[in-house]
Each structure stands twice: as structure tokens, then as C-alpha cells.
Amino acid sequence: MAAAEAAPAPAPEASDFYGGGGGLSTGRKLVPWSSWTEWRFVRDGLFSPFPAAALRRIAAWRSRGSLPIPVDVTAAFVEIRLRDPFFRNGLAGDDALESEEMLAMLYSMAIMRLVNGFVENPYKKTGLSISELAEAVGIPRVLVDIRHESSHRSLPSLRLLRLASIKAFDWLKCIYWDRQTNSIPDAQAELRLRLHEIAGFLKENNSKESKSGSKRKRSEKLISKAMKYARRLYYAYPSEVVSVLLDLMELDAADSESIDMQETDSLAVNHSSDIKLSNSDMKTVILKLSEKEPRVLLSVLKSVIEMIDAKEELTDKGEYYSWQPVGPSKVKRLCSLVLWLVTNIKELKDSGYIGLIHEIGVLSSDKNAIPRFCLAKLLQKLLNLSTIGERCLIDAALLLIEMVNDNNVKEKLRKLPVLCLGRLAKSSSLPESRTICNQQGSDENATETLELFKVQLKRQKNGTTEGSSNTSMPEKHDRWSVAKSWTPCSIGTVPCSFSSCAVLPAFDVISHEQFFTLEHETFEEVNHSERFEPQTEELEDESILEIPRSSPEYEISDVTELTCPLKGRLLVGGVWKMVAEEELLLIKSKMKVLL
Amino acid sequence: MAGARATPTRTPPRSSSLAPRTEAVVPSDWACVVTTVSSDPTPPVVVVCGPKNSGKSTFSRVLLNALLPRQATSIEHGKVGYLDTDVGQPEFGPPGCLSFHVLDEAIADFLNPTLREAERCYFFGDISSKRDPETYLNCLFHLYDYFVGKYRCDENEMLPLIVNTPGWVKGAGFDMLVEMLRFICPTIVVQIRITMQSKNLPDGVFWLDGGQTGPKMINIDAAFHDASNRSLLIQKDSGGMRERRLVEYLKQCFPSNISLSTNKELAHALASLPPYQVLFSDVTVVHLHCEVPAGEIWRSLNATIVGLAVSNASEGTRSVPYCVGLGIVRGVDVQKGLLYLITPVPLQRLQSIDLLQQGLIEIPTTLLQVRGCVSPYMSTNVLHKISERDLYAG
């Protein structure tokens, strides 16, 4: 920390940093970029040989207002240089400006704006002369002279202006771009630092368990201080904080199965320099954070589920074998983490930290209120994971169901063999009774159930769609509608599709993806919102056996054994019924109608 | 808030409980002029002009209240037209708009007139007409034509009109005022003058060439006087006023029974409010004052204020899209192709909106930073341009 603070020491520039040394500043300012990553993208572009993308981005920033003058002027210099044959190495392009007079005017205007932009306000305030102020700020003298010359006398020569523009450019780089780079807080490093501090205190406390008194109190005070800072970091950089938290959980560690058992000391031996945080420490930290900011649990849960999802995607893409050796244990850890998180969410809910409500009120000063549909969405997402066979996930799902308190869903899910499979996974046998087919069950029954599904689907669609009503009713085209299932999030962000966390929108999307969503919106919707969907889908290619897709609990032999009994059967009301091919086709066509 | 605009006014009978600072009485010549104007047999078209902060808006309010009862007692509608041309400090709408109102209710609070819905409005998208004088005048002419077409054609049902002008009376601002006056041809022009002559408009019918017969010209002194009885300008915090205007406007997104006394509460409420959504393909985005590359549109729009306009292509190519209201683009989902918007405009009226006009009206930062709900555009650790310590360190 001390080193970090010392780094930007050379005065007087250091006075500009709010918090000093990369720490988080308290003041906030409206900026046109949505993240420092975006800012860095522009910086790197401007100082590269291909600044076009950066210039386009700055055009967008300009339209938002609040563009800092150094950015504006730097962009101007870059743009002028693009038109100056001198900087294009003699290559005369289409947009090169051949008139020296025009180029000279562009340069002097940019320089004038630079000088004025930096000293105008203080000039009015202090009454000092422009050149005095410029000197104080450190603007190269030649720029001040050019400002004077070009406004009051003849236009300076192009040769001088080019030289000056290089100086100006370098000065801007040093005074703005480099210094701003240095003062961007490294949230991840900051958090790591704090977490290690906390870990140290925790350890201290543990070792002094027997002793009591002032020392213990002191370290508790320090913990709460560090915690407060961590919380501030979370407010400012939620995603970074969550990723650090998960990173420190050592989910990749392949050795130990029982992650909860890892002790601080055993790991600390290996890395003597810094105190390692054990998973239990991390959990303590997360819980402490969640005391004041319960949503942190949801954010972590979101990331964990995304990690599982990503793993599954890898598997689906045929990288099954490379995934296999490390995968299962990591996925297992992630799953157990999901369970742990959900358990704690439930605890917070039970103790009243999180309020479950039906609709988010407009005046929700209670920022810890979570609308019920959020949990329902989370549940859907969970159930859509193909790893659902994991016991932990099922337990988590059941907990969620309990919280959502939707008996309807509960009943239906209980009937699903997937859950039972997971429950009985240890004994690695399928509940035969479930699969015994009730031949008497008429197929009318099946269609009836399908109708029910349909109704439910429709209802769900109305509940969760985002704009699909437009596509489904082309004749009565309502452009605008009220967004359904909205969760509060700050202006400029949108709610994540399955957790209630705010996420910064991804602005750059590959065009074909956009095409896909526009074309297949309803289809996608159904896929996301309806758990029963994959079932019927699988039914179409008669591969019901694949329901517990990548659940590692299954021996391949088990699965093959089950292939035959399920063939040609349809799960209706929790019972596998025999269905004829044409009936399947009928149902299939009805499903199509639905889609 | 009450002190923000310490405009001296005659305390009107119905709001006798104004703050002490505002108790200054409207000068007698103001009252006389108001009486003269309002006793005109034909409903007048009054243009009020003068340097900024000289009291144009206040005079217009007094005049409006004076014109209303007269109308109410006659056979006519009991209504007054009001053309608001000051995009920086509009009287009844949010900033950035040129609007025409038909008012039938007197102004009770002279310091903070409540927002009223415009009958016709154009979103200019900046707080000064200097960004684009041509477009500005075009909007204004359209509004006046609208008024004439609807409320001045039938001789028996003519509405009086008050035109409040911006206080930019020098240079290009003067030129625009001249064009405005030539187009409108008012029956009465009220010019407010201050003691410092150099800041005033030229005396007389300055917008007409010699030989033409002008309207009735009335000069009055600015209401605020110092100890030596000189008419002065009132300093106001126009940035703050604009911000409060927008805040007031956005409060209309919520039912009035919800208490939103602080900006913090409003910011929370805005973050929680389920927004309206629209497909990208259903709206056209227009950047009024700058060019934005196609790939950057959504980045440019996110968390900014936009004008919601109807392109009304049927009315010919010359027509300017009229504005229904303002909104905040509170988020975009590029994957789904959806844009989320917060606006007080009701859903039904939204359906006709197919244009989003982005201007340079900045979103109030107080609405972006509430604890636990800070917009990503409110950044920490932003470098100051220059600090005091920098100045004196050398």
C-alpha cells in the first residue's frame, strides 16, 4: 500500500488525485464512458497507428456531453494528423488535406482550444494572465505563443505548428492520459489487499480465542473498517469485486475435495509471503459483506451459475475429454457453492435482511427487497443447467422453490424424475416405479397435459417476455410496452436475465447474434422460461435418456440400460406413458404451434 | 428553492403567503402596462423582450394572470395562448423545448410555476438557440403557424397570445429576435429595459425598416432596483434551475400520492420503476446536434435524455417532428434489440412515438448517484482538469 501511494509522488501533479495512490475516491463525476475499460480502449486507440475506432467512440462520447477537454483536444490532434500528409509519411489519401493554409488553421484552432480549455476558467477566477496560468499548469510555452499569434497576429507557419502539435500531443499524454491511467483504481488489487488484511485479523482473532480484551476489539474494529472499504469497492465495481471473491475461493484447485476443510495454515506454509485466504475465510467475508449488502450473495450466485454454464458450453462443444479431468471437481465445487449461497440467501430472508415481495414498489427505499419473480427466474436458470443432476443443485433448487413458495411448481418438479434421480444418485438406481408405464393412461390425457403446459407457457411468456408480444401479434402492433419483471438497477444498466443484479449492457454484439435474437426471439424465450421444454424437445428425437446430460454421477452402463424402457414413452403427470409415433407427431406439431 | 429566483413581483391576491424576499411590489408602471395590455379590445399578441434576467418571465406571468379573468368573463374561452421560446429556461416545460401552451388557469406560485403540458412542442435539444439558429427559428415559426391556424382564424374566438423570448439580445441573438418579431407581427411589444443602456435592446421598433407601421411599443423598467433606484439584473443559477425543472418533470412519472421530496428518493424511484420498452427497429434515433457513427448509437444513447417525437411524415417533408415529451434512456439490451425508457408520457401516447431525438440536455447527476444504485457513468477517480493547488504550487 505504501509503495502504491508513493508511486505518483512527483508534485504538483499528485494533488490532482482524489484518493491518492489508486485508492477509491469519494467524489464522483459524470463521464461519457461506461467503464474504465472503455476509456482504456480509447486511449490505446488514440496512441496507436489505427485510431479510427477510438475516434468513432469519442464521437459517441461527444454526443453524451461531459466530454473532458483533454480527450476532446487529443482527438482533434489525432484527426488533423490523419489529414496531414506530413504525418501520413507522404501518403496522399483521399481525405488528406493538401492546403497548407487549411492545415495551419486546423492546428492553430486545436492549440487555441487546448490552451483556453485548460486556463480559461481559472483565468476568470484568479485574474492571472494566460501565460502565468499556463506556466503554472505546465503548458509548453510555444503553445501559449501560438494561441496568441494565431488569434491576434498572422497565422503561424505550418512547420512550427506541426512541431507544436507534437509537443501538445505529448503534453496531453503526460498531463492527462498517463496521469489518469495511474489514478484509475485497481479495484481487484485493492480488494485483494483488504481481504488479506481481513484474513490476517481473522487469524489473529482465532489464535487469541482464549484471550479477550482490547487487542481483540482492536482487530475487530480493523476488520469492520476493511469490510467497509470492501463494501465501497463493491458499490463502485460490483463485477470486479465478485470476480476477485470467486477467484480467491480457489475453485480451480484440483486436489482437495472437501473445500470447506481447507485451513489457512496449511496453505500459508506454501506461500509464506502473503496470507492465503481459506475458503471458510472467504465465506466469512462474503457473509459479512452480505450483512449490509445482501445483494452481494445474488451477484456471486449469478457469477457462479454463469461459470457452470460456461463449463457446460465447453462440454457441449465437444471439448468433453479435455474438460473431463479437471471439470467434475470444479463443477462440483461450484455446485456446492451454489447450495451454500442459496442457503444463506434463505437465511437472510428468514432473518428479515432480504424481503421477498411480489412486485417491486416504485418507492422501494428498501433496496434489499427482492421480487419473487427474481427467485423464480433464478430457479429456471438453475433447472436449465444440465448439471442439474448434482445433488447440491437440486437441494439449492428445492430451497429456492421453498422461498418462492409456489406449490404448483413444487408439485410438478417433484414429479420430474430428474430431481429424483439426483436424490437417489448415490444409490445409482432409478426409481423403477416411476418409469413403470401406466398403459391405461389414455393419450387424451397426454394431450390434455400438453394443453396445460401450453397455458402455462403462455402465462409464463406474458410474465417474462421482453418484447415478444410484438412478434406474436403482428396485426395489433404496439411499439411500446411496459417492461415485465423489472428489477431495480441504476440508470445505464439493465437487470441480468436470471439474477436480479444490474449489469452493464454489452454494446458490441456480433451481428449474426443480433439477427438470431430478432428472428427467433419467441423461441429463445420459451427455452429460457420453461423447464419442461427440453423434455419435449428431447422427446422429438426420442432421446429421453439424455435428460441428466452431463451429470457425472452416472455410469454409462446405467444409461444404456435405461434406453429401452423409456423409448416411445412420454412423461405425463410424473408417469411415463406409452405413446404411439403418430401421437408423438401430433404433440410435436402442437408444440410447434406453441412456439 | 423559493429563494432561487428572487424575482420581485406584486403579490397577487391569491398567493399572499409568498416568502419575504419576494415581497417587493411590482412597480406601478408594470401594473399600468398590464392593465393597458389586458384592456385591449381585440385579444392581443404580446411579445415580451429584454436582456436576460430583467424579469421577462415574471412580467409574462403577471400579464397571463391579468388576461385570464378578462377572457373568463367574456363569451370567449377563458384561455390564453403562451408561446415559450426560451429553451434554456422554459416556463412550463422541461429545458430544451420550444412549446405552445393554452392556459386556462392562473399562475399561483410566481416563483416556481408548475409544469403544464404543452399543446404543441418541439425538442430543440440544447439550452441555447445558438447551436442551430435556423432550426430554432424553424421550430418557432411552426409553433406560431400552429397557433394562428387553430386560434386566430375565427374572428369571434381569437385567443390572446403571450410570447416570452430568450434574453439573448446581442449579436446572433439579436438577429434571431428580429426575425422572430418580423414573422410574428405582434400587436404589442413590451420591452423591459435596465439602467445600463448598453445591455438593452435598441429603442423603438428596432426590427422594422423605416416607413413601416409597427405595433404598439411599450417600454418598462426592470422590476429590481438597487439603493440608488437603478434597474438591475437578478442573478440566477440557471444550471440549477434547469436541473430542478427536469427533476420536477421526471417526478411526473409517479403518481402524485407518492412522496418524492428529495432527489435521493426520486433517484431510487427512477431506478426501480419498470421502464417502457421498445424494439430498436421500431424507432429511429436522431442526433440533433452532432454526428454519431452507426455502430455507436446505443453507447451514445444509454443513460441520456432524449426527446420523444412523432415523425408525422404525412404532413409533408418540410414539417418538423413534434415532441410529445422527454425521457431517459435508462438502459439498452443490444442482444434483444430492446431499449428501455423512463418517461412521464403515458403508454397510450407513447405508441405514436417513432423518433428518439438526442440533444445535449444533460441528465441531472443527482439522479444517477444514490447509494447502492450508482450509474456506471458516475465515475470515481476522474482527473480534474486543473486544481487550485496546481495553480499556486508553481
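So you know, we letter chains A, B, ... as the sequences are listed, proteins then strands, and number each from 1.
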>> If I measure from the heavy atoms of chain A, does L347(B) come under 4.5 Å with its side chain, its backbone, both, or neither?
In response: side chain

>> Can you tell me which portion of I305(B) sits under 4.5 Å from chain A's heavy atoms? Options are side chain, backbone, both or neither.
In response: neither

> Who wins among G295(B), A303(B), C253(B) for the most heavy-atom pairs under 4.5 Å with chain A?
Replying inline: A303(B)

> Side chain, backbone, both or neither: which part of L504(A) has an atom under 4.5 Å from a heavy atom of chain B?
Replying inline: side chain

> Around atom CD of E135(A), are there more than 12 heavy atoms of other residues, nucleotides or ligands at under 6.0 Å?
Replying inline: no

> Any idea which of E132(A), R57(A), R62(A) has the most non-hydrogen atom pairs under 4.5 angstrom with chain B?
Replying inline: R57(A)

> Under 3.5 Å, is there a donor-acceptor pair between the S299(A) and Y234(A) side chains?
Replying inline: yes

> Out of R64(A), E38(A), R231(A), which one racks up the most heavy-atom pairs below 4.5 Å with chain B?
Replying inline: R64(A)

> Between the side chain of Q180(A) and the main-chain N/O of N381(B), is any donor-acceptor distance below 3.5 Å?
Replying inline: yes

> What's the spacing between I342(B) CD1 and Y276(B) OH if we round to 0.5 Å?
Replying inline: 10.5 Å

>> Tell me if the NZ atom of K170(B) is crowded by more than 12 foreign heavy atoms within 6.0 Å.
In response: yes

> Among A271(B), C290(B), G331(B), A267(B), which residue forms the greatest number of heavy-atom pairs with chain A at distances under 4.5 Å?
Replying inline: A271(B)

> Among N302(B), V329(B), L288(B), V292(B), which residue forms the greatest number of heavy-atom pairs with chain A at distances under 4.5 Å?
Replying inline: N302(B)

>> Can you tell me which portion of W36(A) sits under 4.5 Å from chain B's heavy atoms? Options are side chain, backbone, both or neither.
In response: side chain

>> Tell me which of these, V374(B), L360(B), T304(B), has more heavy-atom pairs under 4.5 Å with chain A than the rest.
In response: V374(B)

>> Heavy-atom pairs under 4.5 Å with chain B: which of P32(A), G492(A), S66(A) has the most?
In response: G492(A)

> Going by atom types only, do Y136(B) and D126(B) share a side-chain donor-acceptor pair under 3.5 Å?
Replying inline: no

>> If I take atom OG1 from residue T365(B) and atom CG from residue L367(B), how far apart are they, to the nearest 0.5 angstrom?
In response: 8.0 Å

>> Is Q369(B) in contact with chain A via its backbone, its side chain, both, or neither, using a 4.5 Å heavy-atom distance?
In response: side chain

> L383(B) versus S183(A): any side-chain heavy-atom pair under 4.5 Å?
Replying inline: yes

